Amino acid sequence: MTQPEFIPFGFQYYRSPTPYRDQWERDLQQIAELGFNSVKYWVQWRSSTPEPGVYRFDDLEELMDLAHRYGLKVILNVIFDVAPAWFDQTYPDARMITADGSVLAPRALSYRQIGGAPGPCYHHRPAQQAKDDFLEAAVQRLKDHPALWVWDLWNEPELTTGIKRTLSYDNQVCYCKHSMEAFHRWLEDRYGTLERFNARWQRTYQQWSEIEAPRGQAVFNDLVDWRLFMSEALTDDLKRRVAVVKRYDQAHRVMVHTVPAPIFNLITAGSDDFKLAEPCDLFGNSLGSSAWSADLLISAAKGKPIINSEIHALPGDMALKPKKLSLQELKQHVLVPLARGITGFLFWQYRPEVLGHEAPAWGSTYLDGSVTPWLQDMARLNRAIQSRADRLARARRPSDRIAIWFSSTGQIVSFGIYADLDAYHDSVQGVHKLLHDLNYKVEFVSDQDLTPEGLADYSCLILPHPVYLDEGMARTLEQWVAGGGLLVSESGFGSIQAENGSHSYTVPGYGFDRVFGLRETWVHALENLDHSYHQVKLESRRTIPLSMPSPEEGRPLVGAGSYYQSEIELAEQTEVLARFDGDGSPAITLARYGEGKAVWIGTMFAAAYWREGGADALAIYRQLLETQLSCPPLVTVTPGTIRADWLVWEEEGAQGAFLFVHNRGAEHAAAAIGLPAPVRDGRAWFAEGEQMLRREPQSPSQVTVELPPGDIQVYEFVTEADR
């Protein structure tokens, strides 16, 4: 007999010293009695290592014994960004140094109340060995406990634990001698010879030790290498932790949970979800309640099971108290990621904080540990999920074969261009929002996925703000389009060439003027400066109107671009789909190339939608994808505020689907939903949902729903798809 699928549903519970010992048994018993199955405990370097070579895990063993007594599975979350005080006194040279020379001395933070943040430099060898020793001791001590379920080896990987997270040149780390020496070795491994390196950076260094790390807005290739180096330091640290655990414990899986860009950006945080997911058995995320976070996480995980590791449902602090959590808000926290295939849910946290600035917030109980209405609602949602755990764990949403390029180097170069604006993420989040609002399953491909194999599963690829490419990427994209791919690109394609960091003489670069059937002749910043010395900063909110014909309504669809307006010369066969309103120049074009098509958008259209939205802008993108590129979503929804997600499952010859329906708007809404297969025997998860759904007898592949604002309903069907 096979074991039922395990879907963790529970809480972050313990980070020393809270909750206090006299609350443990009552809390864990109550968690179990309410039907939850999981708790997470922090294993903190500082609290468990009071002096060198001394490791104390008595508190964790007692908590694990209690969890086992009440049938709860334990996630052990290892925390290294709270270095012991003795370590800092022994190794003061392990402190990280920022670009402006600031030294990051150990400190307590609202979310690291015991001090020691941000921990030592990632290139300090004694620090790495001390961390290995601590992790080895923890694994040896706790690996055989029957309550242990998984090792979570990093709580939100980040270079400085939030101390220097804000985008700026001065907030970059680390410029200590250990990082500089490691950077020189990294560059030598990457380039092999100084001749190759100097050609890339356009320099004349004679020794590797002469190379300076960039500190400001100047040349792109040095910044790309510098930030990739520090991002790899973060990923390599995780790989080191995985290796230690696997050396002593082959019985339990390992994971990490991240915070997605742009909150944790690649520049100052160093966090790359795609790289961090690779060495893990499971993957997790702290902000998976949003569609953006969930979709990015799923793409990075590449089929690995995923846990929404920290659901931030009641955030706040002493000054800004949390508001009470409604059932509708709670359903969004759980059902938005579940609708995409995430099957694990841990709330941050069970009891409210009582120690430090974040008190009294973040909890699922009242301060005294008694049950709140929202805790009862959490239990209700858990029961709905656990009763269908086997089917949910196997359910998948079929791909719409459309993807967004999520580029690590693109993020870095965008930072090099704008410094204090996150133009790249304005654009990529805007494309995600456009696809999400048009009811596509949104997927991402990373730089390392930009290969013939990585693109084989997609018919349409969208490139937000694609200014930085290399020859290999360009040739892969060209061959993919020629073979039938549908490419949608914003302006500036290949403006900066990775081979030497120089601006391309022709834009689109790398010969893509042939692919797009056009050449950019001038690019206007929307500020219209008369010269560059006015020191007026580029703004992300200024827009430029553009229009596309709409045969259905008899009036043009009016959208907007942002940041730039490009002037172009068109090849004879290139079709103009939309024009800028001011001068009537082409704004969106389409060209055929081989068996495929290439769409060029002469502004940052998606960034404008991210900031402003707009029904016409959405209609322009719908017409572009569905009419011009014949690339509709698998599940169709009447335009409006309702979104529908379709997860299919199959077992023992039976097949079915879950339909998640979410009204994202502020008013009551109705929608007709076109399904990929005929359905029968529909059942609602929640009793009130029965009256909200109507099936069309004449159209077994269509249903109609009506939902109040903010509500999510879930329906389970038997499908009758051709087999």
Side-chain angles (χ1 to χ4, degrees), residues 16 42-56 77-109 111-138 153-165 170-187 209 211-213 215 226-244 256 264 267-271 276:
S16 175
W42 276 23
V43 185
Q44 299 184 90
W45 187 17
R46 172 172 278 221
S47 61
S48 295
T49 316
E51 56 185 290
V54 175
Y55 305 109
R56 295 177 181 170
N77 200 171
V78 182
I79 310 296
F80 281 118
D81 48 36
V82 285
W86 60 260
F87 181 87
D88 182 70
Q89 290 185 343
T90 305
Y91 298 105
D93 64 326
R95 295 180 178 182
M96 286 187 261
I97 299 176
T98 65
D100 65 358
S102 300
V103 178
L104 300 186
R107 67 200 70 185
L109 304 170
Y111 41 89
R112 297 293 187 274
Q113 301 99 322
I114 64 172
C121 170
Y122 292 94
H123 300 108
H124 190 271
R125 291 181 178 179
Q128 293 297 83
Q129 186 59 54
K131 292 194 295 186
D132 287 354
D133 293 343
F134 172 70
L135 182 55
E136 177 185 339
L153 295 179
W154 208 329
N155 180 83
E156 302 175 354
E158 184 180 13
L159 290 170
T160 65
T161 323
I163 297 170
K164 294 292 182 179
R165 183 186 302 158
D170 287 346
N171 280 349
Q172 295 176 90
V173 293
C174 176
Y175 292 80
C176 77
K177 66 175 184 178
H178 308 291
S179 289
M180 288 300 96
E181 291 170 358
F183 184 44
H184 296 153
R185 292 192 299 271
W186 186 88
L187 290 171
S209 60
I211 299 170
E212 304 114 328
R215 296 176 186 263
W226 174 234
R227 297 333 290 164
L228 288 180
F229 161 71
M230 284 306 303
S231 180
E232 284 189 21
L234 208 69
T235 304
D236 288 344
D237 198 271
L238 174 62
K239 291 178 179 177
R240 187 170 181 139
R241 301 180 193 193
V242 170
V244 170
V256 65
F264 279 19
I267 316 305
T268 55
S271 182
L276 291 166

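Values in this document were obtained by computation on a predicted structure and should not be read as measured data.
In this model, no donor atom of one side chain and acceptor atom of the other lie less than 3.5 Å apart for Y55 and W45. Between the side chains of S209 and H184, no donor N or O sits under 3.5 Å from an acceptor N or O.
Taken to the nearest 0.5 Å, the CZ atom of F80 stands 13.0 Å off from the CG atom of N155. Note that OG1 of T161 is 4.0 Å distant from CG of D81, once rounded to the nearest 0.5 Å. Expressed to the nearest 0.5 Å, how far CZ of R241 lies from CH2 of W154 amounts to 4.5 Å. In this structure, CG in L234 is found 5.0 Å from CG in L159, a value given to the nearest 0.5 Å.
R240 pairs with exactly one of L153, D132, L135 by the side chain to side chain contact (heavy atoms under 4.5 Å, CB included) rule, that one being D132.
Looking at residues two or more places apart in sequence or on another chain, you find a side-chain contact (heavy atoms from CB on, under 4.5 Å) between Q44 and R15, S16, W42, S47, I79, V82, I114. F264 is linked by a ring-ring contact (aromatic ring centres under 6.0 Å, His included) to nothing, counting only residues two or more places apart in sequence or in another chain.
Contact check on D237 versus K131 returns a salt bridge, with a Lys/Arg side-chain nitrogen under 4.0 Å from an Asp/Glu carboxylate oxygen.
At a threshold of 4.5 Å between non-hydrogen side-chain atoms, the residues M96 and C121 count as touching. The side-chain heavy atoms of R227 and Q172, taken from C-beta on, include a pair separated by under 4.5 Å. Put simply, the side chain of Y122 does not reach to within 4.5 Å of the side chain of C174, judged on heavy atoms. Side chains of I97 and M180 form no contact here, defined as non-hydrogen atoms less than 4.5 Å apart.
Applying the salt bridge (charged side-chain N to carboxylate O under 4.0 Å, His left out) rule to pairs touching residues 87-107 yields D88-R95, sequence neighbours excluded.
Here W86 and Y91 keep their ring centres 6.0 angstrom or further from each other.
The two residues Y111 and I163 come nearest to each other via the heavy atoms OH-N, 4.3 Å. Considering every non-hydrogen atom in both T98 and Y175, the closest pair reads C-CD1, 3.6 Å.
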Walk me through it: do H123 and F229 pass the test ring-ring contact (aromatic ring centres under 6.0 Å, His included)?
CA-CA 11 Å; H123 300 108; F229 161 71; 4.8 Å; yes

